[in-house]
Protein chains: 2
Amino acid sequence: MVTGQGPASARARDRVAAAVAELGYVPDAAARALASRSGTRLAIAVIGHTAAVLDDPYVGRVLTTAAHIAAEREVGVSLHWLSLSAPVTLAGLADSRSLGGLVVVNPTRPALETVPRALRGRVAAIGVGARHVPSFDVDNRSGTDGVVRHLVNSGRRRIAMVTGPSWLPCGDRAVDAYHQVMQEIGGETRVVPGDFTAARGAMAAAELMARWPDTDAVFALSDLTALGVLDGLHALGVQVPANVAVAGFDDIAFACLSRPALTTSTHPVEEIAAAAATAVLDRCDADRATFFPSRLVVRESA
Amino acid sequence: MVTGQGPASARARDRVAAAVAELGYVPDAAARALASRSGTRLAIAVIGHTAAVLDDPYVGRVLTTAAHIAAEREVGVSLHWLSLSAPVTLAGLADSRSLGGLVVVNPTRPALETVPRALRGRVAAIGVGARHVPSFDVDNRSGTDGVVRHLVNSGRRRIAMVTGPSWLPCGDRAVDAYHQVMQEIGGETRVVPGDFTAARGAMAAAELMARWPDTDAVFALSDLTALGVLDGLHALGVQVPANVAVAGFDDIAFACLSRPALTTSTHPVEEIAAAAATAVLDRCDADRATFFPSRLVVRESA
DNA sequence: CTCACCCATGGAAGCGCTTCCACCGCAATA
DNA sequence: TATTGCGGTGGAAGCGCTTCCATGGGTGAG
């Protein structure tokens, strides 16, 4: 055994290490996975309609973190796009044999129900509280609450919200929080469905202003979408923040580059991703959801 | 052999297929890789100082394409960050046994020289012309030429350039093209090194305006950097494009979302990535560089 | 000094697949 | 009808590793 696991004298261990170094020996991962019936690879699976979800800044940060951890532990990373069009199932996930752990980003509940037995205790989710799988997410509820209250505190009352995709259950808490604040101030709720893309944000802005022309603030559950809203509002000739305030969610790198700079809520994405990756790699099968705090970042747009 | 490769009667083939479908049999990739001494996995290796290179929009598009192709061919994708701090070498690339092909993004020349023998004919590069490996890149020369000439045509003469990182050889052609145009119009060359990040772009803007206050246009070899330049100029109170025109390179999704919208050059990144992935997966060992055209996109910033 | 016990060591088995080869039965030819 | 040839088929070997077990040498206690 080259892993250094088994019983062996210190002298023997040293001799092996020396030989390994001299010969440049690298153990064959395929053979190892085959013999030990389990590998070490860290798999990141992202669920979405198109493979373009991998181009999302949020996903980029998750991948960056995963690559970092993988480099430290000297394990590989594999990347999977799970199409939403086909029935999403983790069951047939490529090469589950050589897999050390699986992190699913933005999972649907059905997808999480089909975790292969072989992967028990080695799967974690980023983005939803699923049963039988530890999950890690930002606290959408208090995050949303913080942003919407900031809007209220700056004098806005007719606040609209652009949500995430309907298949993503983690957005529900955010919508709840929005509803709650609106109820408190006795304001009408104005919800338009989004999908976390900028293009949808621009469309949502037009939709919103057509339906409720007196809207004075828009909160989007994704910075990408908020940037799209900014763009759509600009096309409509609406001044931000003079006429309408805009706030996003995520604090992606571009949030501070837009004009006006985007007011948003910042998330510890790296921490979340690291927690998920560490959990699966360490076979921690805690069956619960962990929420990370989100913090309001006030810039120019609201 | 379950691959359907070997000789077999149509009847036998059908019976096997039926059994496979009924039992839900999935061949074990590890065992297959071990026995056949070569796998099918598509590996994407990105070179950079930090793992954050994976968060770059350009890399995101490459990953999206790779995931798409992998899904079609039913092969896996693995993701690797090759640190520039450590001597970059492909030699010890994790699990080269089960690898079908390797695409290296933004490679340095030394990194490409150490391709393991086992990978001969299964490696391609995105971003540089390297010997012994087919490489795919945008035509930096004509792309740069197009952007800089557009700047000249709009009346700018004191044009500065923010380059890419010095370790990336593919930027040389771009700098050459810039020099050539400046020489033609008899203008002074003003070059500031960049690193493809927005933060560096903002710094470069300050540096540039301090050193050459009469600069009337800035061309950055990356949209991310150009967005940073926009930000830096804004902080300096410089009007864009009234006082200084800004142009980028890449046409990332955010380019049309910035205010003013970024003039840039659009690249067929998906095509490039698909060509590279297909080349390695099909074992095409053409030893040459292919350049894809870049097309000027005029927006508001220049 | 002897016995019991423990641990280090080497060897064998086998993970699930591919590759190779020997075999057998068929059809075509003499 | 006997012979050659070809293609389909089943079986054996082995990919490089881990896991398990039997063996043997060492140590401590009686």
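Order of the sequence lines fixes the chain letters, A, B, ..., with proteins taken first and strands second; residue numbering starts at 1 for each chain.
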How close or far is atom [atom2] of [N] from atom [atom1] of [X], stated in whole angstroms?
X: Arg32(B); N: dG16(D); atom1: CZ; atom2: P; result: 18 Å
X: Arg37(A); N: dC20(D); atom1: CZ; atom2: P; result: 8 Å
X: Asp28(B); N: dT18(C); atom1: CG; atom2: C1'; result: 13 Å
X: Leu34(A); N: dG14(C); atom1: CG; atom2: C1'; result: 9 Å

### Query
Which of parallel (below 30°), tilted (30 to 60°) and perpendicular (above 60°) describes Phe292(A) and Phe136(A)?
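The arrangement is tilted - the two ring planes meet at 30° to 60°.
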### Query
Is Asp251(A) salt-bridged to Arg61(A), cutoff N-O under 4.0 Å?
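Salt bridge absent between Asp251(A) and Arg61(A).
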### Task
With DNA chain D as reference, determine whether Ala31(B) or Ala35(A) sits nearer its 5' end, using the nearest nucleotide of each.
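That would be Ala31(B).
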### Partner of Val46(A) under side chain to side chain contact (heavy atoms under 4.5 Å, CB included), chosen from Ile126(A), Leu82(A), Val105(A)
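The passing option is Val105(A).
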